[in-house]
Amino acid sequence: MSEPNVLDEVVRLIVDVVGEDVLVGVEITPETTFSDDLGLESIEFVALADKLRERYGDRVDLVAFLGEMDIDEIMAMTVGRLVDHIAAQPVPSTG
């Protein structure tokens, strides 16, 4: 899956989690940070993790991905970093 497609899907999932009304006037780009720009709370990260697992299955584990970071990295994490992580995961074979 290409990164632009993953970005579109991640943006859609973020909108599902936080709601369109919260994001009025906010353009989500790869440089958008979850903490400073979007103000995601821990409960919203949990909801996003659930939606990512629904969409991508076990190959995308947001909790494990965040678990490899220190608190400063988590606070500075961008949408693009998550997109890169998702795009780098192997796609399961269908055959």
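The first residue of the sequence shown is numbered 1, and numbering continues consecutively from there.
- Distance check: R55 CZ to D50 CG gives 15.5 Å after rounding to the nearest 0.5 Å.
- Side-chain contact check for L82 versus F34: some heavy-atom pair is nearer than 4.5 Å.
- The hydrophobic cluster containing I71, built from Ile/Leu/Val/Met/Phe/Trp/Tyr side-chain heavy atoms closer than 4.5 Å, also comprises M75.
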Considering only distance and modelled atom types, tabulate donor-acceptor pairs under 3.5 Å from the side chains of residues 39-46, sequence neighbours left out.
{"residue": "E44", "atom": "OE1", "partner": "E41", "partner atom": "N", "Å": "2.7"}

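- Between E9 atom CD and I14 atom CD1 the span is 12.0 Å, to the nearest 0.5 Å.
- Among residues two or more places apart in sequence or in another chain, the side-chain hydrogen bond (donor to acceptor under 3.5 Å, both in side chains) test is passed with T32 by T29.
- Legend: salt bridge (charged side-chain N to carboxylate O under 4.0 Å, His left out) pairs involving residues 15-27, not counting sequence neighbours, sorted by first then second residue: R12-D16.
- Every residue two or more places apart in sequence or in another chain that forms a side chain to side chain contact (heavy atoms under 4.5 Å, CB included) with D36 is listed here: T33.
- The shortest side-chain heavy-atom distance between D37 and T78 does not fall under the 4.5 Å cut-off.
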(request) Let me see the working for V18 and L38 under side chain to side chain contact (heavy atoms under 4.5 Å, CB included), right down to the final yes or no. (result) CA-CA 9 Å; V18 299; L38 298 176; over 6 Å; no
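- In this structure, the side chains of Q89 and H85 come closer than 4.5 Å at one or more pairs of heavy atoms.
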For residues 60-70, run the donor-acceptor check on the side chains, cut-off 3.5 Å, and write out each pair with its distance to 0.1 Å, sequence neighbours left out.
{"residue": "D61", "atom": "OD1", "partner": "R53", "partner atom": "NH2", "Å": "3.3"}
{"residue": "D61", "atom": "OD1", "partner": "V63", "partner atom": "N", "Å": "3.2"}
{"residue": "D61", "atom": "OD1", "partner": "A64", "partner atom": "N", "Å": "3.2"}
{"residue": "D61", "atom": "OD2", "partner": "R53", "partner atom": "NH2", "Å": "3.3"}
{"residue": "D70", "atom": "OD1", "partner": "D72", "partner atom": "N", "Å": "3.0"}
{"residue": "D70", "atom": "OD1", "partner": "E73", "partner atom": "N", "Å": "2.8"}

